[in-house]
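Scroll down for the structure; my scribbles are underneath it.
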Number of protein chains: 2
Amino acid sequence: MRLSKKMRQSRLVQSFQENPFLTDEEVAKQCQVSIQTIRLDRMELGIPEMRERLKHMAEKSFDEVRSLSPEEVIGEVVSLELDQSGVSVLEISEDHVFERNQIARGHYLFAQANSLAVAIVNADLVLTRSAAIRFVRPVKLGEKCIAHAKVVQKQPSRFQVDVETKVLDDMVFQGVFDVYRATN
Amino acid sequence: MRLSKKMRQSRLVQSFQENPFLTDEEVAKQCQVSIQTIRLDRMELGIPEMRERLKHMAEKSFDEVRSLSPEEVIGEVVSLELDQSGVSVLEISEDHVFERNQIARGHYLFAQANSLAVAIVNADLVLTRSAAIRFVRPVKLGEKCIAHAKVVQKQPSRFQVDVETKVLDDMVFQGVFDVYRATN
DNA sequence: ACTAATTTAGTACTTGGTACTAGAATGTGG
DNA sequence: CCACATTCTAGTACCAAGTACTAAATTAGT
């Protein structure tokens with residue numbers, strides 16, 4: 001036996017958790033068992049098939065986008081008007097701060113802004129070419145960062161996206177992103 | 001004719017925009033045309049099939065901020081001469097890339113560089129004030145990014161740190177960080 | 001009326017599955 | 001060691017929602 005059933009199943013749960021895009025075939029290969037075994041496992045564990053998982057996620061994010069009223073949304077949600085503007089909210093948790101002083105590491109604010117700048121552009125493969133950013137003031141544990149992004153220049157495959165992140169009415173981060181639609 | 005082609009197509013674009021979960025069959029029924037017509041329309045308009053649409057949405061929401069939690073240290077610092085220079089290595093793993101195309105998300109490269117720029121400065125509390133960065137070329141899954149940082153300007157409480165990240169001899173990222181020693 | 005554009009029909013094939021049956025391999029208890 | 005149970009594998013038929021392609025029918029425009 002390669003791995004006990006229980007072992008495999010708990011590994012499986014985790015795998016799907018951290019990458020819901022996996023097909024049974026891929027997991028089967030990873031676990032060195034047949035595809036049927038994986039399917040039996042999914043049945044037992046009540047894990048739906050990949051397409052259902054994705055559909056579920058899509059639904060979730062879709063609903064969220066629909067019902068976005070900035071003050072009630074907590075977490076990592078984004079509202080998007082493709083090629084125009086978007087909003088994302090990030091609440092600073094333990095994971096985001098320097099232990100020593102409870103101040104958010106800059107790259108989390110950057111990540112929020114960068115993700116948003118990329119998400120806003122309506123194309124398959126969008127990458128950041130360059131950015132100029134400013135951390136206006138430190139952000140502390142527990143603060144809720146609301147990033148507003150706006151496309152300010154649109155060329156066939158290049159976009160300039162400005163992002164401003166605020167905590168309440170306090171500007172904390174400012175960035176100008178030059179993103180492009182890549183051909184891959 | 002029920003509706004002109006153009007009419008139908010623009011209606012179609014809107015339909016899919018406001019409900020990406022629609023199948024061709026459903027839309028065909030709505031428009032009173034055959035399923036093939038809808039498919040031709042999708043081809044012409046470059047609208048992907050339903051499953052792809054959902055996958056795409058799932059990816060966007062998934063990519064969002066999950067990215068932000070796991071690692072305490074981004075990249076491994078392999079050498080450090082305080083207030084002078086440092087090197088850190090980051091190997092791009094599954095966790096760092098867009099599922100779709102295996103290209104690293106920009107904010108990981110940024111995080112590596114930012115962490116290094118902050119680590120290099122010999123003080124208790126160091127924060128980034130601003131940065132100008134350039135993603136020179138996309139980085140793919142499995143590539144090992146080596147970031148070299150150098151302090152190029154030193155004032156009592158302000159430092160300018162230049163970071164260059166390479167894969168082998170290939171420059172992939174460049175950044176100028178303005179960091180400061182905070183009093184807190 | 002004739003040609004071009006548009007629409008429909010139909011076939012073969014693909015992905016990532018479900019549902020089900022049956023046999024093989026491996027354990028485990030007596 | 002045998003018997004039975006658990007676990008795993010294999011294989012078939014089928015489905016949804018497509019792609020890719022060919023060909024015919026319909027409609028529009030002039």
Side-chain angles (χ1 to χ4, degrees), chain A residues 1-63 122-125 183-184, chain B residues 1-63 94 97-102 141:
Chain A
M1 238 188 187
R2 293 143 270 251
L3 254 172
S4 81
K5 194 181 177 185
K6 279 195 181 166
M7 278 285 135
R8 189 189 55 237
Q9 291 198 345
S10 75
R11 179 182 158 178
L12 206 132
V13 170
Q14 211 201 325
S15 285
F16 283 129
Q17 197 114 32
E18 59 190 49
N19 186 1
F21 300 86
L22 290 170
T23 61
D24 290 353
E25 206 181 357
E26 290 168 329
V27 180
K29 225 166 262 170
Q30 268 185 31
C31 293
Q32 305 263 64
V33 297
S34 77
I35 203 168
Q36 278 84 352
T37 303
I38 298 301
R39 282 174 185 167
L40 286 175
D41 285 346
R42 272 201 301 101
M43 300 299 132
E44 279 184 40
L45 299 167
I47 299 173
E49 62 167 293
M50 188 256 293
R51 286 161 184 168
E52 287 301 308
R53 295 195 297 271
L54 299 195
K55 190 172 181 180
H56 213 102
M57 287 199 285
E59 265 165 6
K60 237 187 182 177
S61 74
F62 193 63
D63 287 349
N122 185 19
D124 257 10
L125 172 50
T183 49
N184 192 22
Chain B
M1 237 196 186
R2 293 144 268 250
L3 255 171
S4 80
K5 193 180 177 185
K6 279 195 181 168
M7 280 286 136
R8 189 188 57 238
Q9 292 198 344
S10 74
R11 178 182 159 179
L12 206 132
V13 169
Q14 213 202 325
S15 286
F16 283 129
Q17 197 113 30
E18 61 190 45
N19 185 2
F21 299 86
L22 290 170
T23 61
D24 290 354
E25 205 182 356
E26 291 168 328
V27 180
K29 225 165 264 170
Q30 269 186 29
C31 293
Q32 305 263 62
V33 298
S34 77
I35 203 169
Q36 279 83 351
T37 302
I38 298 300
R39 285 177 182 164
L40 286 174
D41 285 346
R42 270 201 302 98
M43 300 300 131
E44 278 182 42
L45 299 167
I47 300 172
E49 62 167 293
M50 188 253 296
R51 287 159 182 170
E52 284 301 307
R53 294 196 297 270
L54 300 194
K55 188 172 184 184
H56 211 211
M57 286 198 284
E59 267 167 9
K60 270 198 170 156
S61 72
F62 193 63
D63 285 345
E94 299 275 0
V97 301
F98 292 107
E99 142 91 14
R100 179 168 286 261
N101 47 48
Q102 315 277 67
L141 177 63

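What you see below is based on every heavy atom in this structure, not just the backbone, and it leaves out hydrogens, waters and symmetry mates. Residue numbers begin at 1 in each chain, while the letters A, B, ... track the order of the sequences.
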Completion exercise
Taken to the nearest whole Å, CZ/A:R39 to C1'/C:dT21 is 16 Å
Practice task
Would you kindly give the NZ-to-P distance between B:K5 and D:dA28, to the nearest whole Å?
Solution key: 14 Å
Completion exercise
When rounded to whole Å, the CD1 to P distance for the pair B:I38 and D:dG18 reads 11 Å
Handout entry: Contacts of type side chain to side chain contact (heavy atoms under 4.5 Å, CB included), residue A:L40, not counting sequence neighbours
Key = none
Fill in the blank from the handout: Considering only heavy side-chain atoms of B:M43, the closest of C:dG10, D:dA17, D:dT19 is D:dT19
Completion exercise
Applied to residues 31-44 of chain B, the salt bridge (Lys or Arg N to Asp or Glu O under 4.0 Å) test, sequence neighbours excluded, yields B:K5-B:E44, B:R8-B:D41, B:D24-B:R39, B:D24-B:R42
Practice task
Tell me, please, which residues at least two apart from B:S10 pass side-chain hydrogen bond (donor to acceptor under 3.5 Å, both in side chains).
Solution key: none
Problem - Test side-chain hydrogen bond (donor to acceptor under 3.5 Å, both in side chains) applied to A:Q17 - qualifying residues, sequence neighbours left out - result: none
Handout entry: Integer-rounded Å distance: C:dG10 P and B:L40 CG
Key = 16 Å
Exercise for the section: Report the nucleotide, chosen from D:dT9, C:dT8, D:dG18, that has the shortest atom-to-atom distance to any side-chain atom of B:R42. Expected result: D:dG18
Exercise for the section: Rounded off to whole Å, could you give me the NZ-to-C1' distance for the A:K6 and D:dT7 pair? Expected result: 14 Å
Handout entry: Donor-acceptor pair under 3.5 Å, A:E25 side chain vs C:dG16 base
Key = no
Completion exercise
Rounded to whole Å, the CD-P distance (B:Q9 to C:dT6) equals 9 Å
Problem - Within residues 45-57 of chain A, residues whose heavy atoms come under 4.0 Å of DNA chain C - result: A:E49, A:M50, A:R51
Problem - Options C:dA9, D:dC8, D:dA10, nucleotide nearest the side-chain atoms of A:T37 - result: D:dC8
Practice task
Measure the shortest side-chain to side-chain distance between A:L45 and A:F16 over non-hydrogen atoms and say whether it is less than 4.5 angstrom.
Solution key: no
Problem - Separation of C:dT8 C1' from B:D24 CG (nearest whole Å) - result: 15 Å
Handout entry: Whole angstrom value for the distance that separates P of C:dA19 from CD1 of A:I35
Key = 15 Å
Exercise for the section: Decide yes or no for B:M57 and B:P20: does some side-chain heavy atom of the first lie under 4.5 Å from some side-chain heavy atom of the second? Expected result: yes
Handout entry: Set of side chain to side chain contact (heavy atoms under 4.5 Å, CB included) partners for B:S15, sequence neighbours left out
Key = B:R11, B:L22, B:Q30
